[in-house]
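Read the structure below first, then the notes.
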Number of protein chains: 4
Amino acid sequence: MTASPQHHSSRSTKRQVIIDTAERLFAEHGYDATSTARIATEAGVPSGLVFYHFATKLDLLLAVVQERPAPSEVLRSAARGRTVRQRLRAVVAKMAEELENDRAVRIIVFREAQGRPEIASRAAEMFADASATVADVLADADDVVADRARVQTAAELVVSRVFLDTVALGQLEPATKRHAAMIDLIVETLTSTPG
Amino acid sequence: MTASPQHHSSRSTKRQVIIDTAERLFAEHGYDATSTARIATEAGVPSGLVFYHFATKLDLLLAVVQERPAPSEVLRSAARGRTVRQRLRAVVAKMAEELENDRAVRIIVFREAQGRPEIASRAAEMFADASATVADVLADADDVVADRARVQTAAELVVSRVFLDTVALGQLEPATKRHAAMIDLIVETLTSTPG
Amino acid sequence: MTASPQHHSSRSTKRQVIIDTAERLFAEHGYDATSTARIATEAGVPSGLVFYHFATKLDLLLAVVQERPAPSEVLRSAARGRTVRQRLRAVVAKMAEELENDRAVRIIVFREAQGRPEIASRAAEMFADASATVADVLADADDVVADRARVQTAAELVVSRVFLDTVALGQLEPATKRHAAMIDLIVETLTSTPG
Amino acid sequence: MTASPQHHSSRSTKRQVIIDTAERLFAEHGYDATSTARIATEAGVPSGLVFYHFATKLDLLLAVVQERPAPSEVLRSAARGRTVRQRLRAVVAKMAEELENDRAVRIIVFREAQGRPEIASRAAEMFADASATVADVLADADDVVADRARVQTAAELVVSRVFLDTVALGQLEPATKRHAAMIDLIVETLTSTPG
DNA sequence: TATGAATGAGTTTTCATTCAT
DNA sequence: TATGAATGAAAACTCATTCAT
C-alpha cells in the first residue's frame, strides 16, 4: 500500500495548500496578525481542516518554516565562473532572483524568531547554511589568496547584507546598485595578500 | 528618604512612562503580542490613559520609534583613536554597548517595518544614519587609503552585520567573537591600495 | 407537559433566536443602547456566536429589519366589509392589533433610518407597501366615489398617522379615540363627489 | 447688575455654542452615538466645560430640546390668505421651509423619546402645539364649513404627515409633490357640509 | 468660569480551538 | 478526512464623568 502521507507531494493536497497560504499570509502580515480563519478562507478549505492537520497555529508556523528546502543547493548550483568576482556576482544575483520563491519564509523566520526557540534555530540554520554555501563558492575560485577564516567572514558579511536587505530594507530600493560596490570590496580583500 | 512610588524617572510624565513601557514590551514580545492592557498594567497607569494619549495602538508604536534620538551622536563621539582598526573597534564595541539603550527600538523597527511605511522609512533612516556615521568615523582615520565610495560600502557592511546580529541573530551566540574577524577584513581593504 | 427550556419556537435555529432577541431589545431600548453582550445573554447564546452569524452589529440590525415579511398580506386579508368606513376601521384596527408582531420592527426602522441608507430605504418600502395596501382596500369598497389619486393620498394620510402613533406618539395616549374621527374625515372625502 | 444668565442671548456664549453643536450632532448621528468629547471638540471648547455647564449628558439633551421656541408662532404668522386652501398651503410650505431651523430638534425629539419621559412629553407638546396651530389657522378661514372636532382631526393628519416626512421619510423624495394632493383632500372635507 | 489629564467600566470585535456529524 | 457551527477568553477602543488646578 502506497498511501503514505506525502507531505511534499507536488500535487497540492489540501494540507499543502494550507501551508502555502499560511506562508504567504505570515510573510505579508506577520504570524500574529494572520488568523487561522483567514488562512482557511484564502486556502479555500473549511476552517476546521486547519486544526485537523495542525494541532495548533504554532505547529502550522513550524510546518511553514521547516517543510522548505534550504537555499544552499540552489545557491551552490548558481555559482558559475572562475574568479571570486564572477562567483560572488552570480551568488548575489541568484539571491536577489530567489526573492519570490524563498523570501517569504526568510521574512517569517527572522520576524518570528524572537522568543520562539524552534524558529530562532531555523534562522541560525538558514544563516549558517547560506554563509557556508557562499564561503564554499568563494573558496573554490581560482584567484582566492586568503585563509579560510577570512573567506568565512567575507561570506557572512555578504549574507548579512542580503538578508537584511530582504527582511527589512528590501522595500526601499532595489539593492542591486549597492551590491556592485560591496562585491568589489570583498573581492579586493580576498585576492590581496594579507599584510 | 521619601519612598514615593516613582518607579520611573522623576521628571517623566505618564505619557512617557507609557512609551518607555511599550518600547520594552514591543521589543521583548513583538507589537502584536503585546496587549495595551499589559502595557498599562506594567506602566502603572489605568488602561484608558493609553488611549487618551495615543488614539490607536499603532500611534503608540509610531511614538515609540519616532520619539527617540538618532544614534549617530553617541556613535560618533565614541570613535576615538587614530587608525581605522581602532576606530572600527570602538564603534562596533559601542554599538554592542548601546544594546540596552537603543536595541529595543532597533528590534521593533526592523520587526514591524513589514507593511508599515512609516516604520519602514524609519528603518531606512536608522540604517542610513548609522552607515553615514560609521563612514565618517572611518574616513577621518589617519591610515585610510580608499575612495569615499568604498568607505561607505564598508560602513554599510558593518552596520548590516551588527543590525542583523541585534535583530535576529543576537540570540544565538555572543557576536563579539565574529566581530574581530570582520574588523580585520574591513581594515585590510581600506588600508590597501586598490589594484 | 415537558418543561423543556425552549424559550423560542422549537424550530428556530440559534441564528433566528439572536435575530428575535435583537428585534425586541432594539425596539425597547434602541440600537445604540443595546449591547451585543446583552443580546447574547438574553438569547441564551455565547457572545461570540452573535459575531459568528453577523459580522458586525450593523449587519445584525439589517438582518432584523430585512428578514421580515412585509405587513401587506396580513393587512389585506383583514379588510372585510363593503363600505369604505367598514374597511378603514378594519384596517386601522388590524394595524393596532399587529403591534406585537410588527411594531418592533417598525419602531426600529423609523428610529434608525437617519443616516443609514439601507434602513431608510426599508422605511420607505414599509411606508409605500402599507399605503398601497390601504389604498387597494379602499378602492375595492362599494361606496367609493373618488379618483385613484385621492384614494392613494387618503391611504398615505392614514398610514402616516398610524406610523407616527406607533413610533413616537403611541406612548402618550391610546390612539384609538382619535382614530374614529380620522376615519370619519377620510370617509367623507372619499364618498363625496369632488366639487 | 444685569449679569443674569442669558441662556438665549444672541451673542453665542460658550454654553450656547455647546447646545448648538450638540443639537447638530444629536440630529445627525443620534444621542447615543454622539460623545461628549466630540461635542466639545466641534464646539471648540475644552471637554471639561461641557460638564461644567451640564451635570450629565442627559441634561445637555434636555437643554437642547427645551431651550428652543415652539414652532407655533412662526407657523401662525405664516398663515396668510382667506381660504382653507390658501392657509393650508402656506402652513405646509412654511413647515417645509422651517426644516433647516427646526428640523434638527424635531428629529432628536422623536428619535430619543423612547424610554425618556421628559423627551416624550416634549414630543407630545410639539405635536399638540403644531396641531393646535394648524387647527387655529384653518378655523379662521372664511370658507370652513365644519365642526371644531373635524378641523382638529384634519390638523393632526397634516402634522402627522409632515412630521413623519421630516423624521423618517424626508430623505427619500421632496415631499412637496404629495403635499398638494393632501391639501386637496383636507380642503374638500372641511368645505363640504357633513352628511 | 475654565482646563485637560485621568479613570475604569463597558463596548464591539477577534480568534484559536473544539466538537458533533 | 472533512465540515462548519459553537465557544469564551481576550483584544482594542470608547466614553461619561471626575478632579486638581
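Just the heavy atoms: all of them, side chains too, but no hydrogens, waters or symmetry mates, feed the values below. Every chain is numbered from 1, with letters handed out A, B, ... down the list of sequences.
Comparing Ser35(B) and Leu49(C) by the nucleotide of DNA chain F that holds the closest heavy atom to each, the one mapping nearer the 5' end is Leu49(C). With DNA chain E read from its 5' end, the first of the two nearest nucleotides for Ser47(D) and Val45(B) is the one closest to Ser47(D). Comparing Thr34(B) and Asp32(D) by the nucleotide of DNA chain F that holds the closest heavy atom to each, the one mapping nearer the 5' end is Thr34(B).
One finds the CZ atom of Arg24(C) at 14.5 Å from the CD1 atom of Ile19(C) (value rounded to the nearest 0.5 Å).
Residue Thr36(A) places no side-chain N or O under 4.0 Å from the OP1 or OP2 atom of dC15(E). Of the side-chain N and O atoms in Tyr52(D), one or more sit less than 4.0 angstrom from OP1 or OP2 of dT1(E). For the pair Lys57(C) and dT14(E), the criterion of a side-chain N or O lying under 4.0 Å from OP1 or OP2 is not met.
Summarising the geometry, the separation between CD1 on Ile18(C) and C1' on dT13(E) is reported as 14 Å, rounded to the nearest angstrom. Summarising the geometry, the separation between NE2 on His29(D) and P on dT14(F) is reported as 15 Å, rounded to the nearest angstrom. Computed from coordinates, the Phe54(B) CZ to dA6(E) C1' distance equals 14 Å when rounded to whole Å. Ile39(D) places its CD1 atom 14 Å from the C1' atom of dT14(F), with the value rounded to the nearest Å. Leu60(B) places its CG atom 15 Å from the P atom of dA11(F), with the value rounded to the nearest Å.
Counting all heavy atoms, side chain and backbone alike, Lys57(A) lies closest to Thr34(A) at NZ-O, 2.8 Å. When every heavy atom of Ala33(A) is checked against every heavy atom of Asp32(B), the shortest pair comes out as CB-OD2, 3.9 Å. Considering every non-hydrogen atom in both Ala40(C) and Val50(C), the closest pair reads CB-CG2, 4.0 Å.
Considering only side-chain atoms of His53(B), the nucleotide from dA6(E), dT7(F), dT1(F) that sits closest is dA6(E). Of the candidates dA16(E), dA2(E), dA12(F), the closest approach to any side-chain atom of Phe51(B) belongs to dA12(F). Of the candidate nucleotides dG4(E), dT3(F), dT7(F), dT3(F) has the atom nearest to the side chain of Lys14(A).
Salt bridge annotation for Glu42(C)-Arg38(C): present, with a cationic side-chain nitrogen under 4.0 angstrom from a carboxylate oxygen.
The nucleotide dG10(E) finds its pairing partner in dC13(F), both defining distances of the Watson-Crick or G-U wobble pair being shorter than 3.5 Å. When Watson-Crick and G-U wobble pairs are counted only if both distances are under 3.5 Å, dT21(F) pairs with dA2(E).
At the heavy-atom level, Thr41(D) lies nowhere under 4.0 Å from the strands shown.
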